[in-house]
Amino acid sequence: MIVMKFGGTSCGSAEALKRVAHVVRRAQADPAAHEVVVVVSALSGVTDMLLGMAEAARTRSRSVDDMLAQLHERHATVCHALGLGAQCEALLEPLDVLREVLPGIWYLRELSPRSKDFVVTHGEVLSSRIVAAFLTAEGVRAHPVTGWDAGIVTDAQYGEAGILEETWTRIPQQLPLATGSVPVVTGFMGQTLAGERTTLGRGGSDYTAAILGRALGASEIQIWTDVNGILSSDPRLVQGTFTLPELTFEEAAELAYFGAKVIHPKTIEPAVHAGIPVRVLNTFEADHPGTVIVRGPRRTIRQVVGMACKKGQVILALDSSRMLAAEGFLARVFAVLERHRVSVDTISTSEVSVCMTVEPKYEPALRSATAELETIAHVEIRPGRAIICCVGQGMRERPGTAGKIFSAVHQADVNVEMISMGSSKINITFVVRDEDANTVMRELHARLIAIPPEPLPG
Ligand code: ADP
Ligand code: ASP
Ligand code: MG
């Protein structure tokens with residue numbers, strides 16, 4: 001059994017959805033694949049549109065009727081272009097719920113995280129209905145299934161919900177295979193035990209695919225997108241990137257976490273747990289082998305195989321001579337951050353200073369934590385920073401990677417504000433100003449990645 005997930009980039013237009021149908025039909029005809037479970041994202045742009053609509057209803061900045069009409073139009077255009085005109089209104093029936101909910105938000109001028117999740121789930125609910133109807137019309141019998149009907153149960157952390165253990169037993173019960181009809185499951189969502197809809201975080205449809213893959217014992221999880229697999233760097237920032245044919249789970253997780261948007265970081269976890277290979281493929285170039293993410297070491301590698309970049313981050317720098325030989329210093333710092341619910345991404349320390357990075361969404365919380373932190377150390381908050389992450393298993397085997405990286409950064413004449421190396425020893429991460437990030441990325445890609453691979457010693 002394989003799980004095939006199609007992202008928003010594959011579900012943007014009727015043309016793209018025709019490619020999707022082709023890919024699914026081909027997989028189904030392959031005797032090695034046996035069963036296929038499809039996971040879909042919302043049509044491209046629709047998740048942002050729904051979030052904007054909910055917010056605009058709260059602030060009463062746009063007419064609810066206009067927004068609903070626009071959303072209807074976006075989906076109806078695709079239905080008609082796919083030849084589903086006759087079923088269009090039936091397929092778009094879930095819009096009726098939004099016709100009730102959005103005026104409620106408008107009336108109350110209130111949008112809780114729970115209501116926001118409820119609104120935003122409609123993107124995938126609509127796309128799964130359209131995709132299932134189109135597959136059926138193309139001769140591949142299919143039916144839409146919501147994430148909650150498929151058995152995904154989560155905590156109540158709206159916007160970024162975590163999976164509960166019950167999920168693993170519910171999915172095999174609630175998503176029967178071999179029914180002769182392909183389930184088209186909504187990505188990115190589940191429900192709490194109390195039955196409230198939740199979402200799994202932006203880009204979360206990849207995560208849904210991995211959860212289903214693990215629960216159903218898939219032989220492969222396929223992430224279909226609009227590029228030929230995981231590339232050596234972000235193609236929008238660096239020229240001359242190329243497909244990485246094979247990556248280890250650790251390498252892919254590091255790249256994803258530090259901004260390789262092509263795959264959701266959490267995807268990796270259920271797949272690793274079950275040892276299921278994840279393949280990243282291109283809907284628009286279906287014969288390209290893409291990238292396979294596997295366990296264990298690879299044979300022919302470079303020291304650095306890929307790079308990712310996360311801009312707009314915030315540095316928190318703490319300086320204190322009191323830190324010298326004082327036990328409990330870091331514990332006090334983290335206790336303050338925990339009270340203000342600030343989550344730290346990277347950290348580096350010396351005898352008298354600690355430097356960490358946090359996501360921009362925590363900047364207000366950091367500012368309100370400043371007074372407390374100032375009782376412990378001198379505090380500096382520096383927004384507008386980019387984390388650059390160089391990843392490669394080869395770093396573990398061969399010395400000198402850091403030297404090469406920082407001499408390339410030096411060539412680019414850029415100031416590095418913080419450096420850290422993960423305990424897995426397969427990534428070197430450093431922070432520069434946002435405006436310097438592209439130059440550094442290009443320089444590093446040219447010097448360390450776009451070079452012929454060397455076999456491992458021994
Ligand atoms: P989907 O809608 O299929 O989930 P995403 O937009 O989430 O697609 O991810 C695909 C995009 O990720 C690509 O179009 C590409 O521009 C971007 N991207 C960033 N870094 C990388 C990388 N290292 N490899 C491949 N794509 C990347
Ligand atoms: N539609 C959701 C988003 O845009 C989930 C996904 O596409 O994976 O974040
Ligand atoms: Mg994505």
Side-chain angles (χ1 to χ4, degrees), residues 4-13 16-17 19-20 23 39-52 116-117 119-128 131 147 159-161 185-190 198-211 222-245 247 251-268 278-285 288 290-291 293 304-311 388-392 437-438 441 444-445 449:
M4 308 177 83
K5 175 260 171 177
F6 295 91
T9 51
S10 302
C11 302
S13 62
L17 288 171
R19 302 297 315 157
V20 170
V23 170
V39 175
V40 287
S41 291
L43 304 194
S44 66
V46 166
T47 301
D48 288 334
M49 199 169 166
L50 285 163
L51 288 169
K116 201 189 258 187
D117 268 8
V119 170
V120 86
T121 54
H122 283 77
E124 274 76 5
V125 167
L126 290 168
S127 68
S128 65
V131 171
E160 193 94 33
V185 183
T186 60
F188 171 59
M189 64 193 67
T198 53
T199 63
L200 308 177
R202 293 305 304 267
S205 300
D206 298 347
Y207 191 27
T208 303
I211 293 166
Q222 300 182 344
I223 306 292
W224 290 85
T225 182
D226 65 343
V227 283
N228 287 333
I230 301 183
L231 306 174
S232 51
S233 188
D234 187 334
R236 292 160 303 181
L237 302 183
V238 178
Q239 278 181 348
T241 56
F242 50 88
T243 301
L244 301 170
L247 278 180
E251 289 170 329
E254 298 283 359
L255 284 175
Y257 187 73
F258 288 104
K261 186 181 168 227
V262 64
I263 197 159
H264 188 293
K266 284 198 243 167
T267 317
I268 307 298
V278 176
R279 199 177 283 278
V280 183
L281 295 153
N282 189 349
T283 306
F284 306 93
E285 220 180 300
H288 193 287
T291 301
I293 304 171
V304 178
V305 290
M307 282 164 59
C309 170
K310 209 153 121 181
K311 290 189 186 167
I388 295 182
C389 176
C390 298
V391 175
N438 292 3
M441 294 279 284
L444 283 174
H445 193 269
I449 300 180

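For ligands, and for the atoms within them, numbers begin at 1 and follow the listed sequence. Quick caveat, the model's predicted, so the values are computed rather than measured.
- Remark: the Asn228 side chain and the Thr243 side chain contain no N/O donor-acceptor pair separated by less than 3.5 Å.
- Contact shell of ligand 1 (protein heavy atoms, cutoff 4.0 Å): Lys5, Gly7, Gly8, Thr9, Trp224, Thr225, Asp226, Val227, Gly229, Ile230, Leu231, Ser233, Asp234, Pro235, Arg236, Ala260, Lys261, Val262.
- Residue Gly203 has at least one heavy-atom neighbour below 4.0 Å for each of these atoms of ligand 2: 3 (C), 5 (C), 6 (C), 8 (O), 9 (O).
- Contact annotation: Gly204 has at least one heavy atom less than 4.0 Å from an atom of ligand 2.
- The minimum heavy-atom distance linking His445 with Ser233 is given by the pair CD2-CB, 3.7 Å.
- Checked against a 3.5 angstrom limit, the closest N/O atoms of Thr47 and ligand 2 fall inside it.
- Here Thr241 pairs with nothing under the side-chain hydrogen bond (donor to acceptor under 3.5 Å, both in side chains) rule; sequence neighbours left out.
- With sequence neighbours left out, Arg19 forms a side-chain hydrogen bond (donor to acceptor under 3.5 Å, both in side chains) with no residue at all.
- The shortest separation from a heavy atom of His264 to ligand 2 is not under 4.0 Å, leaving the residue out of contact.
- Per-residue contacts place Ser41 under 4.0 angstrom from the following atoms of ligand 2 (heavy atoms of the residue considered): 6 (C), 7 (O), 8 (O).
- Here the shortest heavy-atom pairing between Leu17 and Val131 reads CD2-CG2, 3.7 Å.
- By the side-chain hydrogen bond (donor to acceptor under 3.5 Å, both in side chains) test, Thr283 is found to be paired with Ser10, residues two or more places apart in sequence or in another chain being considered.
- Tested against Val39 for a side chain to side chain contact (heavy atoms under 4.5 Å, CB included), the candidates Gln222, Lys5, Glu124 yield a single pass: Lys5.
- Contact between Ala437 and Ile388 at its shortest, heavy atoms only, is O-CD1, 4.0 Å.
- For atom 9 (O) of ligand 2, the nearest protein heavy atom (residue, atom name, distance) is Arg202 NE, 2.7 Å.
- Close approach to Ser205 involves these atoms of ligand 2, each under 4.0 Å from a residue heavy atom: 5 (C), 6 (C), 7 (O), 8 (O).
- Using cut-offs of 30° and 60° on the angle between ring planes, the pair Tyr207 and His264 is parallel.
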